[in-house]
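By convention in this document, chain letters (A, B, ...) are assigned in the order of the sequence lines, proteins followed by strands, and residues within each chain are numbered from 1.
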There are 2 protein chains.
Amino acid sequence: MEKNTIIDNEGLEKEKKKNFKENNCVVTNVFKVIGGKWKVLLINAIYNDCPKRFGELRREMEDVAQATLTSQLRELERDGIICRKAYAESPPRVEYKLTDFGKTLIPVIRSLENWWHNYAEYRNTL
Amino acid sequence: MEKNTIIDNEGLEKEKKKNFKENNCVVTNVFKVIGGKWKVLLINAIYNDCPKRFGELRREMEDVAQATLTSQLRELERDGIICRKAYAESPPRVEYKLTDFGKTLIPVIRSLENWWHNYAEYRNTL
DNA sequence: CAGAATCCTTAAGGATACTG
DNA sequence: CAGTATCCTTAAGGATTCTG
């Protein structure tokens with residue numbers, strides 16, 4: 001009984017900490033989806049010009065390695081942010097679009113961008 | 001001289017590419033400020049209970065190495081998101097607060113959190 | 001108590017070469 | 001054209017130890 005009380009207290013402590021982390025770590029999860037080095041760039045590019053071909057993206061990104069580009073696109077696809085359509089032609093053609101849900105990221109991205117612009121001014125005062 | 005020219009060209013190239021990235025992906029810059037593994041957690045914790053002592057943060061983060069915690073706090077301070085006040089007492093006491101500008105991050109963080117909650121439902125449909 | 005200093009591990013991303 | 005497949009580099013973060 002005594003022991004159970006102790007365990008319960010420990011349990012509560014753990015529960016508290018677990019809740020704390022889960023409630024606050026939500027953003028870490030978002031970063032896993034859009035935190036890749038080129039992902040926001042890709043999302044914006046595909047949003048602005050949809051559908052977008054692989055080659056176009058590669059040209060716009062300029063100095064990104066092809067393998068990296070493919071890998072970032074694959075992750076965005078896996079996470080349901082973009083969809084990929086390959087045409088059975090020769091030479092091959094692949095088009096990328098934002099999914100409807102992917103589009104819900106746009107305002108979120110804009111809020112990050114806006115914050116940065118305000119931040120830029122603030123930093124001059126530091 | 002020849003060598004210097006080459007070095008300068010390489011330097012310029014690198015600079016150019018760096019600028020491209022920074023100009024085109026504003027959000028990447030934001031991630032540099034709040035993208036650290038514990039930073040949003042720290043910002044929320046300090047926001048919810050301000051001022052916050054180092055020891056309190058350490059206890060709440062539970063499994064973060066002390067050196068990591070210090071490093072993340074230092075970066076947030078350098079970037080003007082939090083401010084640090086050390087008291088000349090023994091034992092030492094250090095308190096952290098959000099700066100006024102740091103507080104402008106809160107709604108941005110909330111928008112990320114909200115997006116995640118919607119995303120969680122969407123993922124079940126994938 | 002709140003660090004600093006040092007060393008170490010891992011994973012993201014990149015360079016390069018090859019292919020249907 | 002749009003990829004794979006390998007191999008490699010680097011930097012973030014962590015473990016550990018020491019200190020005013």
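Side-chain atoms of Trp38(B) and Thr28(A), non-hydrogen and from C-beta on, never get closer than 4.5 Å to each other. Between Val30(B) and Val108(B) there is no side-chain heavy-atom pair separated by less than 4.5 Å. Annotation: side chain of Ile106(A) is in contact with side chain of Ile43(A) (closest heavy-atom distance under 4.5 Å). Contact check for Leu105(B) versus Leu98(B): no side-chain heavy atoms found under the 4.5 Å cut-off.
If you check residues 48-58 of chain A against DNA chain D, the residues with a heavy atom closer than 4.0 Å are Arg53(A), Phe54(A), Gly55(A), listed by number. Residues from residues 70-83 of chain B lying near DNA chain D, meaning a heavy-atom separation below 4.0 Å, are Gln72(B) in numerical order.
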Donor-acceptor contacts, no H, no angles, side chain residues 47-58 of chain A, under 3.5 Å, sequence neighbours left out:
from, atom 1, to, atom 2, distance (Å)
Asn48(A), ND2, Asn44(A), O, 3.1
Asp49(A), OD2, Lys52(A), NZ, 3.2
Lys52(A), NZ, Glu60(A), OE2, 2.7
Glu56(A), OE1, Arg53(A), N, 2.9

Identify every side-chain donor-acceptor pair in residues 75-87 of chain A under 3.5 Å, counting partners at least two apart or on other chains, and give the distances.
from, atom 1, to, atom 2, distance (Å)
Glu75(A), OE1, Lys39(A), NZ, 2.6
Tyr87(A), OH, Glu95(A), OE1, 3.1

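Taking five base pairs at each end of the helix from dC1(C)-dG20(D) to dG20(C)-dC1(D) and finding the rotation axis that steps the C1' atoms of four pairs onto the next four gives two axes whose angle is 50°, to the nearest 10°.
In this pair, Trp115(B) and Phe101(A) present their aromatic rings tilted. The plane angle is within the 30 to 60° band.
Going from atom CZ of Phe31(A) over to atom C1' of dA11(C) covers 18 Å, rounded to whole Å. Glu95(A) has its CD atom 16 Å from the C1' atom of dG3(D), to the nearest Å. Atom C1' of nucleotide dG3(C) and atom CD of Glu89(B) are separated by 16 Å, given to the nearest angstrom. Atoms CE (Met61(B)) and C1' (dG3(C)) sit 17 Å apart, rounded to a whole Å.
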Tabulate protein N/O versus nucleotide N/O from nucleotides 14-19 of chain D, keeping only pairs under 3.5 Å, one per line.
from, atom 1, to, atom 2, distance (Å)
dG14(D), OP1, Lys37(B), NZ, 3.3
dG14(D), OP2, Trp38(B), NE1, 3.0
dG14(D), OP2, Thr68(B), OG1, 3.2

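Listed pair Tyr96(A) / dG3(D) meets the phosphate criterion, a side-chain N or O lying under 4.0 Å from OP1 or OP2.
In this structure, Trp116(B) has its ring center no closer than 6.0 Å to that of Phe31(A).
Residue contacts shown for Tyr87(A) are absent, as no nucleic acid heavy atom lies under 4.0 Å away.
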